[in-house]
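Both ligands and their constituent atoms are indexed starting at 1 by order of listing.
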Amino acid sequence: MAGLDPVHRDFFAGGAGEERTVRANAAAFDRLRLLPRVLRATGTPDPGLTLLGAALPGPVLIAPTAFHRLAHPDGEVATARAARDTGTVLTVSMAATTPIERIADTGARLWFQLYPQPDRDFTAHLVERAEAAGVTALVVTVDSPVFGRRERDLRNGFLDLPAGLVCENLRDPATGRIRDIVMDPSLGWDDVVRLRTTTRLPILVKGVLHPADAAEAVARGLDGVIVSNHGGRQLDGAVATIDALPAVAAAVRGRIPVLLDGGVRRGADVVTALARGASAVLIGRPVLWGLAAGGRDGVAGVLTELHEDVVRVMALCGAATLADLPPDLVREVRP
Ligand SMILES: Cc1cc2nc3c(=O)[nH]c(=O)nc-3n(C[C@H](O)[C@H](O)[C@H](O)COP(=O)(O)O)c2cc1C
Ligand SMILES: O=C(O)C(=O)c1ccccc1
């Protein structure tokens, strides 16, 4: 196995600025403890759920991450095969290094992540292309009006993909050229809602931390919110996601699904997030580490181990189903 180039490893691992928020996501889970129930004779727990109308085997999905072919030559196709084989949703990054049609050919259940581009016609083309390929939801990332300052990448001089790799889904239909991804500081709620005129797909907003923004997503008729700080890669100093979750869940009041990502590594983290009001969680970096270590099998290993850990933790907490994970299962302790 070739092993991951240290510059690419830094790109995957790193965050913005001092990486306070990268650390905060994990540290916040470390401050939470479970208060399990006993003797509930639950049998083997069932971690299944229905999300946006789809039956899923468990509450862990794959977060959108850029550039999978930096981690493994099979790139997004390997990740998608692992997703298919485990029944997991793969959220394909707009910055994927494989065309969405080839990823969809694997038969995996896909969502598509979008940074709406200032060129509305190109944005509409991209959404139509993803929908035609068979994706079942659109994830609009809203925490990136500008690109975060990734100091590891600056130190390493990592600016561009190596020769031979491109963002295949940014190909302009008119010219055949690959466009640059633009982070758009003039993006607003109206732009997100306007996507309804282009697509019938459910629309989730990713990168919500404030409860007022979650309430706005509900008021605007959107289909889900993802509590996320982009794995600490955008606003350094942003609150940990598991700390932001309770207020977001309270604002949404069950009207649309609330998902969470950032620092989810163990079954206990998944169970903690669900007890605090999430319908499901997503994982980013663990999938990239599995991909780099072993392609499809490496990703499948990560997904399977985490799924089994969720079932084990549910049993140890006395939960038969995800509906048996109430807020009083989680206690905060001193750091
Ligand atoms: C290498 C890398 C690339 C990412 N690329 C994207 C992206 O293209 N679009 C996006 O919305 N989020 C992107 N994210 C953020 C993830 O979707 C997710 O929010 C974050 O990784 C979750 O935290 P975790 O890595 O601690 O699980 C990226 C994250 C990483 C680590
Ligand atoms: O690295 C990221 O977090 C990310 O979102 C991204 C988006 C576009 C291109 C490269 C990375």
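- The nearest pair of heavy atoms linking Arg109 to Ala55 is NH2-O, 4.4 Å.
- When only non-hydrogen protein atoms are considered, atom 12 (N) of ligand 1 lies nearest to Lys206 NZ, 2.9 Å.
- The shortest side-chain heavy-atom distance between Val258 and Leu245 falls under the 4.5 Å cut-off.
- We find the CD1-OG1 distance between Ile103 and Thr98 to be 5.0 Å, quoted to the nearest 0.5 Å.
- Contact annotation: for Thr65 versus ligand 1, heavy atoms closer than 4.0 Å belong to both the backbone and the side chain.
- In Ser228, the part holding a heavy atom less than 4.0 Å from any atom of ligand 1 is the side chain.
- Checked for salt-bridge contact, Asp105 and Arg102 miss the test: no charged N lies under 4.0 Å from a carboxylate O.
- The single protein non-hydrogen atom nearest to atom 23 (O) of ligand 1 is Gly262 CA, 3.4 Å, given as residue, atom name and distance.
- Among protein heavy atoms, atom 31 (C) of ligand 1 sits closest to Phe12 O, 3.3 Å.
- Contacts between Tyr115 and ligand 1 below 4.0 angstrom, taking non-hydrogen atoms only, involve the side chain exclusively.
- Protein heavy atom in closest approach to atom 11 (O) of ligand 1: Thr141 OG1, 2.7 Å.
- Residue contacts with ligand 1 for Gln113 involve side-chain atoms from C-beta outward but no N, CA, C or O (heavy atoms, distance under 4.0 Å).
- The protein atom (non-hydrogen) at minimum distance from atom 15 (C) of ligand 1 is His230 CD2, 3.5 Å.
- Contact residues for ligand 2 (protein heavy atom closer than 4.0 angstrom to any ligand atom): Phe11, Ala66, Phe67, Ala95, Tyr115, Phe147, Arg150, Ile181, His230, Arg233.
- Distances from atom 18 (C) of ligand 1 to the heavy atoms of Val264, Asp269, Asp261 show the closest one on Asp261.
- In this structure, the protein non-hydrogen atom closest to atom 8 (O) of ligand 1 is Ser93 OG, 2.7 Å.
- Around atom 28 (C) of ligand 1, the closest heavy atom drawn from Gly231, Gly263, Pro64 belongs to Pro64.
- Remark: Asp191 pairs with Arg120, Leu187, Arg194 by the side chain to side chain contact (heavy atoms under 4.5 Å, CB included) rule, at least two apart or across chains.
- In terms of protein heavy atoms, atom 30 (C) of ligand 1 is closest to Arg233 NE, 3.4 Å.
- From the protein, the heavy atom lying nearest to atom 24 (P) of ligand 1 is Arg265 NH2, 3.4 Å.
- The nearest non-hydrogen atom to atom 5 (N) of ligand 1, considering only Ala66, Gly207, Gly284, Cys167, comes from Ala66.
- Only side-chain heavy atoms of Leu288 come within less than 4.0 Å of ligand 1; its backbone N, CA, C and O stay farther off.
- Taking the centre and axis of the six-membered ring of Phe122, the NZ or CZ atom of Arg179 falls inside the cone set by 45° and 6.0 Å.
- Between Thr65 and Phe12, every side-chain heavy-atom pair lies at or beyond the 4.5 Å cut-off.
- At a threshold of 4.5 Å between non-hydrogen side-chain atoms, the residues Thr86 and Thr304 count as touching.
- Atoms CD1 and CZ, from Ile100 and Phe112 in turn, are 5.5 Å apart once rounded to the nearest 0.5 Å.
- Residues forming a ring-ring contact (aromatic ring centres under 6.0 Å, His included) with His307 (at least two apart in sequence, or on another chain): none.
- Once rounded to the nearest 0.5 Å, the distance linking CZ of Arg266 with CD of Glu305 reads 8.0 Å.
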Below 3.5 Å, can you tabulate the donor-acceptor pairs from side chains in residues 31-51 to any protein atom, sequence neighbours excluded?
from, atom 1, to, atom 2, distance (Å)
Arg31, NE, Glu332, OE2, 3.4
Arg31, NH2, Asp243, OD1, 3.0
Arg31, NH2, Glu332, OE2, 2.8
Arg33, NH1, Asp30, O, 2.5
Arg33, NH2, Asp30, O, 3.4
Arg40, NE, Gly318, O, 2.9
Arg40, NH2, Gly318, O, 2.8
Asp46, OD1, Gly48, N, 2.8

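- Cation-pi check for Arg233 over Phe147 is not met; the charged atom does not lie both under 6.0 angstrom from the ring centroid and within 45 degrees of its normal.
- Note that CZ of Arg23 and OG1 of Thr21 are 9.0 Å apart. Values are rounded to the nearest 0.5 Å.
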